[in-house]
Engineer: 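Sharing a structure below in structure tokens format, with a few things to ask.
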Amino acid sequence: MLRRVKGADLVGMRYQRLFDYIPCSEDEAGKICVVLPAEFVSTEDGTGIVHIAPAYGADDLEAGQAHGLPVMHGVGLDGMFRPEVTPVAGMFFKEADPVLIRELKGRGLMYRSEKVLHNYPFGWRTGDPLIYYAKEAWYIRTTERRERLVELNNTINWVPDYIREGRFGNWLENNVDWALSRERFWGTPLPVWTDGEGNYQCVGSLAELEALCGRELKELDLHRPAVDEITFEHPETGRTFRRVPEVIDCWFDSGAMSYAQWHWPFENHDTFEKHFPADYICEAIDQTRGWFYTLHAIATLVSDSVAYRNVICLSHIVDKDGRKMSKSQGNIINPYDVFDSTGADPLRWYFLARVPADGQKRISVDIISDVAAGFLNTFWNTYAFFVTYANLDEVDLNAQVPLEKRPEIDRWVLALLSETVRRATEALDAFDSKTAGELIESFVDQLSNWYVRRNRRRFWKSEMGQDKLAAYLTLYECLVTVNRLMAPFMPFITEAVHRNLVTAAMKDAPLSVHMESWPEPNPAYENPQLLAETAVVQKVVSLGRSARSESGHRVRQPLGRMLVRVPDNAAAESVNGHLGQILEELNVKALEFIARDAELVTYRIKPNLPRIGKRYGKLIPAIREALVQADGTSIATSVNQGQPITIQAGGQDITLEPEDLLVETASAQGYSSAEEGGFLVALDTTLTPQLEREGLARELVRSVQEARKQAGLNISDRIRLYLGGSQGVQETLGEYREFIASETLTSHWDETAPLTGNGGEAGPDSAGPYSVEHSLGEESWSITLSRQD
RNA sequence: GGGCCUGUAGCUCAGUUGGUUAGAGCGCACCCCUGAUAAGGGUGAGGUCGAACGUUCAACUCGUUCCAGGCCCA
């Protein structure tokens, strides 16, 4: 080592040419073998000095062009060294390294040789190492319209929107001229003819070419090789023009789709005007440099217009571990396996409604099956419920029941339906199918688990009154409408439902759900207040279930009373207005509100941070602490009365308005209770003899129903029943005989047990009575029943 | 190497301008219901929000760096 220098000090220095097999002019010789600065060379590996070859790499070429370096070729287009490079003549370029290293060592020019791991391009099909080779090519000078490309892009609605400014916007701002030509056999021939002397003629149409060559070409296949046979002589110079050998980048064909699909500008002008620009295009993220770009570039250049107004940009499907799927990895999911096992509809629903469009989609058969087992199954069962009973009742679905004549729960579900239609349509208008899907799933859940579950008895009733008809019409409208909402997501199942529910039942109905118009919200149905009230009811019921679960009392056992605390007066009114529903859901006799200052409630006071956070800044921790220490009950009382409070924090008095505070209740002691979001529900679990008898009555009904099922009876069969047992059972029977009889379709009571009971032997075809014994706690009873024809 | 995106419960995903105890479905455990029954429902457990540092009274949220995965370039 002679001395250390900075790289910058080397810039401009000349060095001796290592190999001089390729001749160069005197002018060129004066420019080569000089140290140049460049940004693309890193000091991470090696010396920080690299030898560049402008003929073999874009960075090298760019640096070379910036400093006037010549493009000199030592390697031929076949990838082999040229004959003049004698030590490696005819050798594949990638195999020449050892020979060249040996050569340099032999001449004493090699300081050190070592291996460095780095990325290198390989052909994706054959795996052969590639070489970047500077060549002449045809370009479209897109850079001349770069600003217009950016401007027009800013008018496109991108979903997700960050692609417009980000990935796609960056790509346009860094636009380089479009390398148009390809040296292949297949492809659209580049329509340029040349005389080989630097004169070129671009031919714009078949007619133009016919005129030039004086031949009829309509029957000719205008691809290679036939098109290359077409030559013409220049009218003035008399030179023969032949087509250049290149074809056009096939991506140009893709981008020309807007025009080529209508054979514009040669015909179909009206059709083209009608369809251009496109409303919508959907492709994956990799197409920002592909189809999204080629369409945009050509439309900008040809029409000074966007090619599409809206674009949804998806991400790719990956495997369950988030890895790219590839055949060699074996982590591929065959879509046909999903079609065969789970179905195409759940697959579609998963992609449209369960994962965000711009997120990578992890997919496995189990994940798709979840759609079928969950949401779709709920929908199908609700549909099946309707079909089962509607067929039994032969309902006239063309009948009418005015909205105001329908019970509140019907108006509730129709309000929810209308809101769902409105919000799902808004989401889809914004190209957000996931939100639309979530709204639909939520509606189907409410329809099944609240509307149908709470209304089952209306469908069982034997007489077809207005109430029963209203139930049918309401459920029918919900199913038919939500089915239409679901149709674009799940075209097959919705079609089956539609044909059965609509095409078969309604005259003049469209044959297919896909021929229906899109549902519209019905302003007459909208009822935000009823929706809010029902949400409160569901909240209280949910907390009540939690409390009952904690209490250990089964739902069949009625309880005397429940205690409810609500956060505000509106919630109290909602509860009061729907007492029957709440009591029935929870099987409780009475509901009482807990007074706000009742002893069984303790309060926790917290600052309402979004309101006071910015106002008090660093005092917040002190305020928080002061509120913990303060008397919660008195603060709660002040808040309830709308009075401000004053506390000491950080050495000063701080006055807080009721809205600045959050009052939370702690659990009530001595009750089975649950609380959340200002609601508290407690159950009084004291059982009176009356409540116990009623619970037992329900237990008896249940055991008879079970016996009916075991005996193989149909749900509509009338029975002859003997029921007898212990003291409590007899007392209960005295009080609840009519109730039990009507619930179990008993048309004849046997006062004594028949002698012909045959235990569990009875089946659907058995004529004999069916007997069974039951016990619960201290009580026991026996049942014998038979079909009463 | 550069640009863009993603990372929240076992799994798939929500989580508004930073704000109070981070939610849902599935799965799991336990239970209920039995006239939607080869169904239906409830309750519960489960998370140091990829990691570290920083800004702030306060960070899943903002900033920087790093890690992992994806796409496009080089």
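Lettering follows sequence order; numbering is per chain, from 1. Keep in mind it's a predicted model, so treat the numbers as computed, not measured.
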Engineer: Do the charged groups of A:D467 and A:R458 touch, with an N to O distance under 4.0 Å?
Structural biologist: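 Here A:D467 pairs with A:R458 in a salt bridge, since their nearest N and O are under 4.0 Å apart.
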
Engineer: Using a 4.0 Å heavy-atom cut-off, does A:S448 contact any base of the nucleic acid, only the sugar-phosphate backbone, or nothing at all?
Structural biologist: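 Base: the residue A:S448, judged by heavy atoms under 4.0 Å, touches a nucleobase.
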
Engineer: Report the distance from atom CD1 of A:I654 to atom CG of A:L627, rounding to the nearest 0.5 Å.
Structural biologist: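 Reported value, rounded in 0.5 Å steps: 9.0 Å.
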
Engineer: Does A:L661 reach a base, just sugar-phosphate, or nothing at all? Heavy atoms under 4.0 Å.
Structural biologist: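 Nothing, no heavy atom under 4.0 Å.
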
Engineer: Taking the side chain of A:P356 as heavy atoms from C-beta outward, which of B:A36, B:G19, B:A14 is closest to it?
Structural biologist: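 The listed nucleotide nearest to A:P356's side chain is B:A14.
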
Engineer: Measure the distance from CD on A:E62 to P on B:C73 and round it to the nearest whole Å.
Structural biologist: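 The distance from CD of A:E62 to P of B:C73 comes to 17 Å, rounded to the nearest Å.
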
Engineer: Expressed as a whole number of angstroms, how long is the span from A:N449:CG to B:G41:C1'?
Structural biologist: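 That distance rounds to 7 Å.
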
Engineer: Report, as yes or no, whether the 6.0 Å neighbourhood of atom CZ on A:R423 holds more than 12 heavy atoms from other residues, nucleotides or ligands.
Structural biologist: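 12 or below, so no.
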
Engineer: With sugar-phosphate meaning primed atoms plus P, OP1 and OP2, does A:N381 contact a base, only sugar-phosphate, or nothing at under 4.0 Å between heavy atoms?
Structural biologist: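 Result for A:N381 = base.
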
Engineer: Pick base, sugar-phosphate or nothing for A:Y350, based on heavy-atom distances below 4.0 Å to the nucleic acid.
Structural biologist: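 Sugar-phosphate only.
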
Engineer: Go through B:U12, B:U20, B:A36 for me and flag the one nearest to the A:I367 side chain.
Structural biologist: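 Between B:U12, B:U20, B:A36, the one nearest the side chain of A:I367 would be B:U12.
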
Engineer: With a non-hydrogen cut-off below 4.0 angstrom, is A:Q557 in contact with a base, only sugar-phosphate, or nothing?
Structural biologist: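 The answer is nothing, as A:Q557 stays clear of every strand by at least 4.0 Å.
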
Engineer: Side-chain N or O of A:R354 versus OP1/OP2 of B:C13: is the shortest distance under 4.0 Å?
Structural biologist: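 Result: no.
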
Engineer: Looking at B:A29, which nucleotide sits across from it as a Watson-Crick or G-U wobble partner, both distances under 3.5 angstrom, or is there none?
Structural biologist: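 Because both required distances fall under 3.5 Å, B:A29 counts as paired with B:U43.
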
Engineer: Taking the side chain of A:V355 as its heavy atoms from C-beta onward, which of B:U34, B:A36, B:C13 lies nearest to it?
Structural biologist: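 Nearest listed nucleotide: B:C13.
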
Engineer: Determine which nucleotide pairs with B:G1, using a 3.5 Å limit on both distances of a Watson-Crick or G-U wobble pair.
Structural biologist: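 Pairing partner, where one exists within any strand: B:C73.
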
Engineer: Can you check the distance between B:U17 and B:A36, where both ends of the measurement are the P atom (answer in whole Å)?
Structural biologist: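 Approximately 45 Å lies between the P atom of B:U17 and that of B:A36.
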
Engineer: Please classify the nucleic acid contact of A:P610 as base, sugar-phosphate, or nothing, using heavy-atom distances under 4.0 Å.
Structural biologist: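 Base contact.
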
Engineer: Using a heavy-atom cut-off of under 4.0 Å over every strand shown, decide if A:K434 touches base, sugar-phosphate, or nothing.
Structural biologist: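 The answer is sugar-phosphate, as A:K434 gets under 4.0 Å only of primed atoms, P, OP1 or OP2.
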
Engineer: Just the rounded figure in Å: distance from C1' of B:G40 to CD of A:E585.
Structural biologist: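 It is 13 Å, rounded to the nearest whole Å.
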
Engineer: Is the distance from OP1 or OP2 of B:A36 to the nearest side-chain N or O of A:R456 less than 4.0 Å?
Structural biologist: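 So the side-chain polar atoms of A:R456 do come within 4.0 Å of the phosphate oxygens OP1 or OP2 of B:A36, strictly under.
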
Engineer: Surrounding CZ of A:R457 (heavy atoms of other residues, nucleotides or ligands, distance under 6.0 Å), is the total greater than 12?
Structural biologist: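 Atom CZ in A:R457 is not crowded, with 12 or fewer foreign heavy atoms closer than 6.0 Å.
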
Engineer: Distance check needed: B:G42 P versus A:R454 CZ, whole Å only.
Structural biologist: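 About 14 Å, once rounded to whole Å.
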
Engineer: A:F443 versus A:C478: any side-chain heavy-atom pair under 4.5 Å?
Structural biologist: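 A:F443 vs A:C478: side chains touch.
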
Engineer: Using a heavy-atom cut-off of under 4.0 Å over every strand shown, decide if A:R554 touches base, sugar-phosphate, or nothing.
Structural biologist: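 If one applies the 4.0 Å heavy-atom cut-off, A:R554 turns out to touch the sugar-phosphate alone, with no base involved.
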
Engineer: Say we look at B:C13 and B:C67: how far apart would their P atoms be, to the nearest angstrom?
Structural biologist: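 Their P atoms lie roughly 25 Å apart.
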
Engineer: Consider the side chain of A:R702, meaning its heavy atoms from C-beta on, and name the nucleotide among B:U34, B:G44, B:C57 that approaches it most closely.
Structural biologist: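 The answer is B:U34, which lies nearest to the side chain.
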
Engineer: How far, in whole Å, is B:U21 from B:A68 if one measures between their P atoms?
Structural biologist: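 Roughly 35 Å separates the two P atoms.
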
Engineer: Would you mind classifying the nucleic acid contact of A:F168 as base, sugar-phosphate or nothing, using non-hydrogen atoms under 4.0 angstrom?
Structural biologist: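 Result for A:F168 = nothing.
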
Engineer: Between B:G19, B:A36, B:C32, which one does the side chain of A:L609 approach most closely?
Structural biologist: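 So the nucleotide nearest the side chain must be B:G19.
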
Engineer: Measuring only the P atom in each nucleotide, how far is B:C49 from B:C11? A whole number of Å is fine.
Structural biologist: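 Taking atom P in both B:C49 and B:C11, they lie 16 Å apart.
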
Engineer: Please give, in whole Å, the distance from B:C32 C1' to A:Q705 CD?
Structural biologist: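 My rounded result for the distance is 17 Å.
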
Engineer: Hey, what do you get for CG (A:L347) to OG1 (A:T342), rounding to the nearest 0.5 Å?
Structural biologist: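 It comes to 8.5 Å.
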
Engineer: On RNA chain B, compare the nucleotides closest to A:F385 and A:T288; which residue's is nearer the 5' end?
Structural biologist: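 Taking each residue's closest nucleotide, the earlier one in sequence belongs to A:F385.
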
Engineer: Scan A:P160 against the nucleic acid and name what it touches under 4.0 Å (heavy atoms): base, sugar-phosphate only, or nothing.
Structural biologist: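 Nothing, no nucleic acid heavy atom in range.
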
Engineer: With rounding to the closest Å, how many angstrom separate the C1' atoms on B:U55 and B:C62?
Structural biologist: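 One C1' to the other, the span is 8 Å.
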
Engineer: Which part of the nucleic acid, if any, lies within contact of A:R556, taking any heavy atom under 4.0 Å across all strands shown: a base, the sugar-phosphate backbone alone, or nothing?
Structural biologist: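 If one applies the 4.0 Å heavy-atom cut-off, A:R556 turns out to touch the sugar-phosphate alone, with no base involved.
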
Engineer: In whole angstrom, give me the gap between the P atoms of B:U8 and B:A74.
Structural biologist: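 It works out to 32 Å between them.
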
Engineer: Remember a base hit wins even if backbone is also touched, and classify A:N608 as base, sugar-phosphate or nothing at under 4.0 Å, heavy atoms.
Structural biologist: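 Here A:N608 touches the bases of the nucleic acid.
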
Engineer: Can you figure out which of B:G42, B:G19, B:C26 approaches the side chain of A:I620 most closely?
Structural biologist: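 Out of B:G42, B:G19, B:C26, the nucleotide with an atom closest to A:I620's side chain is B:G19.
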
Engineer: Can you check the A:K709 NZ to B:C33 P distance for me, whole Å?
Structural biologist: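 It works out to 14 Å between those atoms.
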
Engineer: Return the 5'-most residue of the pair A:S742, A:Y132 with respect to RNA chain B, ranking by each residue's nearest nucleotide.
Structural biologist: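 Upstream on the strand: A:S742.
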
Engineer: Verify whether the ring centers belonging to A:Y383 and A:W380 lie closer than 6.0 Å.
Structural biologist: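 Ring centres of A:W380 and A:Y383 closer than 6.0 Å.
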
Engineer: OP1 or OP2 of B:A36 sitting under 4.0 Å from any side-chain N/O of A:N455?
Structural biologist: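 Indeed not, no polar side-chain atom of A:N455 lies that close.
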
Engineer: Find the distance A:L559:CG to B:C32:C1' and express it as a whole number of Å.
Structural biologist: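 For the pair A:L559 CG and B:C32 C1', the rounded distance is 14 Å.
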
Engineer: Where the side chain of A:R453 is defined as all heavy atoms beyond and including C-beta, which of B:G19, B:A36, B:G44 is the nearest nucleotide?
Structural biologist: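 Looking only at side-chain atoms, A:R453 lies closest to B:A36.
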
Engineer: Counting Watson-Crick and G-U wobble pairs only, both distances under 3.5 Å, name the nucleotide matched with B:U16, or none.
Structural biologist: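 Partner of B:U16: none.
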
Engineer: Is the phosphate of B:U43 approached by A:S542 (side-chain N or O, under 4.0 Å from OP1 or OP2)?
Structural biologist: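 So the side-chain polar atoms of A:S542 do come within 4.0 Å of the phosphate oxygens OP1 or OP2 of B:U43, strictly under.
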
Engineer: Among A:R453, A:R548, A:K539, which residue satisfies the salt bridge (charged side-chain N to carboxylate O under 4.0 Å, His left out) criterion with A:E585?
Structural biologist: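 Testing each of A:R453, A:R548, A:K539 against A:E585, the sole residue satisfying salt bridge (charged side-chain N to carboxylate O under 4.0 Å, His left out) is A:R453.
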
Engineer: Once you round it to whole Å, what is the distance between C1' of B:G40 and CG of A:D445?
Structural biologist: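 After rounding, the reported distance stands at 12 Å.
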
Engineer: Watson-Crick or G-U wobble partner for B:C53, using a 3.5 Å limit on both distances?
Structural biologist: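 B:C53 is paired with B:G63.
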
Engineer: Flag the pair A:E743 and A:R698 as a salt bridge only when some basic side-chain nitrogen lies within less than 4.0 angstrom of an acidic carboxylate oxygen.
Structural biologist: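 Looking at A:R698 together with A:E743, the answer is no, because their closest N to O distance does not fall below 4.0 Å.
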
Engineer: Looking only at atom C1', what distance separates B:C26 and B:G19, rounded to whole Å?
Structural biologist: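 Going atom to atom, C1' in each nucleotide, I get 31 Å.
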
Engineer: Give the nucleotide from the list B:G40, B:G42, B:C72 with an atom nearest to the side chain of A:N377.
Structural biologist: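 Between B:G40, B:G42, B:C72, the one nearest the side chain of A:N377 would be B:G40.
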
Engineer: Can you classify the ring geometry of A:H774 versus A:W781 as parallel (below 30°), tilted (30 to 60°) or perpendicular (above 60°)?
Structural biologist: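 A:H774 and A:W781: parallel rings.
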
Engineer: For B:U16 and B:G41, measure between their P atoms and round to the nearest Å.
Structural biologist: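 Nearest-Å result for B:U16 against B:G41 at atom P: 30 Å.
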
Engineer: Determine the contact category for A:G617: base if any of its heavy atoms lies under 4.0 Å from a base atom, sugar-phosphate if only primed atoms, P, OP1 or OP2 are that close, otherwise nothing.
Structural biologist: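 Base: the residue A:G617, judged by heavy atoms under 4.0 Å, touches a nucleobase.
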
Engineer: Name the nucleic acid region contacted by A:S315, choosing base, sugar-phosphate or nothing; use a 4.0 angstrom heavy-atom cut-off, strictly under.
Structural biologist: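 Nothing, no nucleic acid heavy atom in range.
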
